Amino acid sequence: MTHALPADARPLLVRAPGAPLSGRIRVPGDKSISHRALMFAGLAWGETRIDGLLEGEDVLRTAAAMRALGAEIRREGDGRWVVRGAGLGRLREPEDVLDMGNSGTAARLLAGILASHGLHSVMTGDASLRRRPMARVIGPLAGTGAVFASREGGRLPLSISGRADPAPLHVRMQVASAQVKSAVLLAGLNAPGETVVEEPVPTRDHSENMLRHFGADLSVETDGAGGRLIRLQGRPTLIARDVSVPSDPSSAAFPLVAALLVPGSEVLIEAVGLNPLRTGLFTTLREMGAALAIENERIEGGEPVGDLLVRASALRGVVVPAQRAPSMIDEYPVLAVAAAFAEGETRMCGLDELRVKESDRLSATVALLQANGAQVRVEGDDMIVVGRGASALGGGEVRTQMDHRLAMSGVVMGLAAGRPVAVDDVAFIDTSFPGFVPLMNALGAGLSA
Ligand code: S3P
């Protein structure tokens, strides 16, 4: 692993604010739902209005790719976007390489669209994305008849010769991945007949919800043990439908944990998405003793949302079961920071998927904690953190390795620890949480960048 920093790296030295965090904030739109809104709207007939779209780098890459495929996409104001779809089966061949930047979701979901249209395309990404495995989508998508050529190990750049007459797929998921599931469903859209996904462990179901929203015929059967059988009838007429994007629970996680750890804090985070397949962190923090209340629960744009009221709390260690991992897969770095301040041991089980995120998040989180005086070890796929007092923590550097969530976790560590924490690069935070530093400052974080 190289530690070379990009030329435009933005380091940040984070100190405890010395006073409670307080106030009422709204975090940006959900990243998963934002990608999907642009893709499904781009495949639909007519004009879709999207409200609350996340305007982070990752989602802007999806917008650019869908434009290159023939969708008309324009921004009307803050988070307000309008998409005139190209229509399913009617995409245009992109003239140039599609650069998906830092975004695994954009690359993997788009692969499903590209495989199932009669066009040739090449996809690449930044140094982090070019290291991430694409074989997990290439394998199932090859069943459409599309032809893929990638670098060794299924890495980007990837060329795809898609099929105008793709075969429908029947896939039993080998990894618990909403990205792989969504790639298969997107490919199945343009295939005649029924596409089936068997999901032994459920993952976020935003694609299923949004497919129904745009008029696809999709059914989900559950097997009592949590497993799901998803059936999608191919070649639906997708009709433009307005989409309202809730705030991202994975982004809310950072001010939430900061408020739990900075003594005396009280913060309200408005209109956070509460899809039950995304809320594993909230369940876990409550088990740890967090004063976390959900107020004003309601349905907005087909997804449950609520306001999170959080007060600084003394946390205690817990065991986080492996089955919960898909519902909080992006939240482990910041949960590990919380665990470093908790009383006793926190064991987070079944974290193998963390090794293939924007960085190897398992080893990067261990390094973040170790550099800042926390006790942490890995046993198999479990991460175990033994908590200690704030005065024993901090004083180290966090190497973010082009990973936005490590950067934000490093900031949270610095706000709560007794000694300052140097985060080597906060620039990548913009991929998922533009405006993170000013928003934290509105709560009194006193960050200087
Ligand atoms: C996502 C799914 C998750 C998550 C990623 C977004 C999605 O990845 O880590 O940030 O939008 O489907 P996997 O499904 O590969 O675990």
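Start at 1 and go down the list; that is how both ligands and their atoms are numbered. Only a predicted model underlies this, so the values are computations on that prediction, with no experimental measurement involved.
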With the threshold set at 4.0 Å, does a side-chain nitrogen-carboxylate oxygen contact exist between [X] and [Y]?
{"X": "Lys357", "Y": "Asp360", "result": "no"}
{"X": "Arg324", "Y": "Glu287", "result": "yes"}
{"X": "Asp223", "Y": "Arg228", "result": "no"}
{"X": "Asp330", "Y": "Arg204", "result": "yes"}
{"X": "Arg347", "Y": "Asp382", "result": "yes"}
{"X": "Arg278", "Y": "Glu331", "result": "no"}
{"X": "Glu353", "Y": "Arg355", "result": "no"}

For atom 7 (C) of ligand 1, which candidate among Arg278, Arg108, Arg36 holds the nearest heavy atom?
Arg36
If hydrogens are left out, which of Gln179, Glu331, Glu353, Arg361 has an atom nearest to atom 1 (C) of ligand 1, that is, the closest non-hydrogen atom?
Gln179
Numbered atoms and elements of ligand 1 in range of [X], under 4.0 angstrom, heavy atoms:
{"X": "Thr105", "value": "1 (C), 5 (C), 6 (C), 7 (C), 11 (O)"}
{"X": "Ser32", "value": "1 (C), 6 (C), 7 (C), 11 (O)"}
{"X": "Asp330", "value": "4 (C), 5 (C), 9 (O), 10 (O)"}
{"X": "Lys31", "value": "10 (O)"}
{"X": "Lys357", "value": "3 (C), 4 (C), 8 (O), 9 (O), 13 (P), 15 (O), 16 (O)"}

Close N or O approach (Ala178, ligand 1; < 3.5 Å)
yes
Have a look at ligand 1 and work out which part of Lys181, if any, has a heavy atom under 4.0 Å from it: side chain, backbone, both or neither.
neither
Measure the acute angle between the ring planes of Phe436 and Phe254, then classify it against the limits of 30° and 60° as parallel, tilted or perpendicular.
perpendicular
I'd like to know whether ligand 1 has His206 as a neighbour, heavy-atom separation below 4.0 Å.
no
Which residue and heavy atom of the protein sit nearest atom 15 (O) of ligand 1, plus the separation:
Ser177 OG, 3.0 Å
